[in-house]
Amino acid sequence: MSKIAMTTPIVEMDGDEMTRILWQLIKDELLTPFIDLNTEYYDLGLVHRNETNDQVTVDSAHATEKYKVAVKCATITPNAARVEEYGLKEMWKSPNGTIRAILDGTVFRAPIQVKGITPCVRNWEKPITIARHAYGDVYKASEMKIPGAGKVELVYTAEDGSTEKVLVHEFDGPGIVQGMHNLNGSIESFARSCFTYALDTKQTLWFASKDTISKKYDHTFKDIFQEIFDAEFKEKFDAAGIEYFYTLIDDAVARVMKSKGGFIWACKNYDGDVMSDMLSSAFGSLAMMTSVLVSPKGYYEFEAAHGTVQRHYYKHLKGEETSTNPVATIFAWTGALRKRGELDGNNELIDFAAKLEKATIDTIEGGTMTKDLALITELENVTTLNTQDFIKAIRTTLESEM
Ligand code: NAP
Ligand code: MG
């Protein structure tokens with residue numbers, strides 16, 4: 001059988017720990033035997049990020065602007081413990097934050113549903129897609145520790161030199177302070193990609209923030225969404241029989257729990273970070289969630305929503321067996337291959353992506369899975385496999401279905 005050819009590269013962003021192990025296994029077992037894989041490789045593993053003073057992360061984002069499609073492995077966001085563990089020169093920023101700041105856009109996350117795994121929330125009959133704004137707020141914040149009594153102010157200096165000032169707090173002792181920002185342009189493209197995605201997938205769109213408390217910051221999000229909806233999308237939504245509605249974030253959380261699913265929930269950056277982890281575990285597993293960053297300029301970055309699965313990696317290093325679920329990482333690859341295929345008119349590649357996704361789901365529905373799924377499935381007589389053998393089982397299904 002001849003391998004599928006690719007005319008344009010995909011930007012490949014390798015990562016850390018257990019997901020780096022998965023990455024190589026997926027390539028070896030599920031991709032390179034079938035595709036003449038054409039990627040431009042960037043090693044975003046923490047060792048290499050440290051060696052390049054994090055330049056590799058910036059380079060990989062710029063490569064995504066060039067080739068339009070990227071696939072990213074989970075990466076470590078350093079904290080104090082990681083600085084020590086890896087002997088880092090600096091506590092490098094979150095690679096996802098850096099990449100999202102360059103590409104802008106919205107992250108759409110949806111559960112991968114399989115028969116035999118029922119969501120924890122009984123009334124969720126359909127998937128809930130989270131649309132996470134991928135720019136700014138706390139991810140681009142400047143922070144300060146305040147050593148003692150004193151005044152903190154926010155100062156805006158306009159280009160003409162005039163200033164506007166607002167008091168943050170009069171400290172009478174030590175404390176902390178944070179300054180965050182967002183851009184109207186970024187919020188507008190966030191709103192447009194959510195409305196467009198809602199129309200594409202014919203799902204109602206919810207958006208929520210805390211505008212009652214944050215009368216300027218969050219209120220601006222609310223206003224921009226409403227203005228764009230009224231001006232550009234209202235009629236199209238009516239025609240499609242879908243709705244847009246805004247509510248307070250705490251009300252949204254309560255309603256989500258009572259809902260049947262089948263809608264898109266647009267979230268500010270932090271809310272989306274937190275809520276997507278809650279939704280993915282409630283739908284089954286952190287490893288059963290697709291995640292794609294859609295930039296308003298037409299760039300796509302596919303990734304897994306979970307982290308580097310550190311605990312499994314340490315077991316792996318000790319030579320112990322692991323049963324790490326590769327599904328989200330496989331779907332990151334299939335998402336990127338499908339999009340590459342669509343942009344290049346490469347039907348073979350689109351077809352392969354669909355086959356690999358089907359083989360993955362069929363393997364699980366056939367009763368063969370990793371431990372995280374075996375613990376929650378209603379299927380009986382399940383075979384639980386280790387990391388390597390599960391990926392090999394998907395390959396067997398794939399070959400039998402091809
Ligand atoms: P994590 O990697 O998401 O894993 C947390 C726990 O969730 C695991 O210990 C495991 O539970 C379960 N889990 C997650 N993915 C799984 C999978 N594929 N298969 C089976 N179980 C899975 O979070 P973490 O261990 O707290 O974070 C590790 C590193 O990931 C951190 O350094 C963080 O910075 C980074 N991170 C990266 C990204 C990203 O690049 N997108 C996102 C989040 C976090 P059990 O141990 O109970 O089996
Ligand atoms: Mg998160």
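Both counts, for ligands and for their atoms, begin at 1 and track the order of listing. Sequential numbering from 1 along the given sequence is applied to the chain's residues.
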> Hey, mind stepping through D43 and R20 against salt bridge (charged side-chain N to carboxylate O under 4.0 Å, His left out) and telling me if it holds?
Replying inline: CA-CA 10 Å; D43 183 0; R20 190 178 178 97; 2.9 Å; yes

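- If you check each of T77, N325, T75, T329 against atom 18 (N) of ligand 1, the one with the closest non-hydrogen atom is N325.
- Between S323 and ligand 1, not a single N/O pair is under 3.5 Å apart.
- At a 4.0 Å heavy-atom cut-off, ligand 1 does not touch M18 at all.
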> side chain to side chain donor-acceptor pair (under 3.5 Å) between D344 and T8: does it pass, once the steps are laid out?
Replying inline: CA-CA 7 Å; D344 296 351; T8 322; 2.9 Å; yes

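- Note on E357 versus R338: salt bridge recorded, some NZ/NE/NH1/NH2 to OD/OE distance being below 4.0 Å.
- Near G307, meaning under 4.0 Å from one of its heavy atoms, ligand 1 places the atoms 1 (P), 2 (O), 3 (O), 30 (O), 36 (N), 37 (C), 38 (C), 42 (C), 43 (C), 44 (C).
- Counting the atoms of ligand 1 from 1 in the order shown, those under 4.0 Å from a heavy atom of A287 are 17 (C), 18 (N).
- Here K72 has side-chain heavy atoms under 4.0 Å from ligand 1, and that is the only part of it that gets that close.
- Geometrically, ligand 1 and H312 share a nitrogen or oxygen pair separated by less than 3.5 Å.
- Which parts of ligand 1 touch R82 is read off a 4.0 Å heavy-atom cut-off, strictly below it: atoms 29 (C), 31 (C), 32 (O).
- Electrostatic pairing of D250 and K210 counts as a salt bridge here, judged by a charged N lying under 4.0 Å from a carboxylate O.
- No part of L22 comes within 4.0 Å of ligand 1, judged by heavy-atom distances.
- Using a 4.0 Å cut-off to heavy atoms of T324, the atoms of ligand 1 that qualify are 17 (C), 18 (N), 19 (N).
- Each of W265, F245, Y246 was evaluated against W206; a single residue qualifies, F245, per the ring-ring contact (aromatic ring centres under 6.0 Å, His included) test.
- The parts of H306 lying near ligand 1 are both backbone and side chain, judged by heavy-atom distances below 4.0 Å.
- In this structure, Y244 has its ring center at least 6.0 angstrom away from the ring center of F237.
- Note: H169 and F171 have perpendicular aromatic rings, judged against thresholds of 30 and 60 degrees for the angle between ring planes.
- At least one N or O atom of V309 sits closer than 3.5 Å to an N or O atom of ligand 1.
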>> Could you walk me through whether D16 and T75 satisfy the side chain to side chain donor-acceptor pair (under 3.5 Å) test, starting with their C-alpha distance in whole Å, then the side-chain angles of each, then the deciding distance to 0.1 Å, before giving a yes or no?
In response: CA-CA 5 Å; D16 286 300; T75 46; 5.2 Å; no

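- Ring geometry for F195 against F229 counts as tilted: the plane angle lies between 30° and 60°, on a 0 to 90° scale.
- Considering backbone and side-chain atoms alike, I76 places every N or O at 3.5 Å or more from each N or O of ligand 1.
- The shortest N/O to N/O separation between N96 and ligand 1 falls below 3.5 Å.
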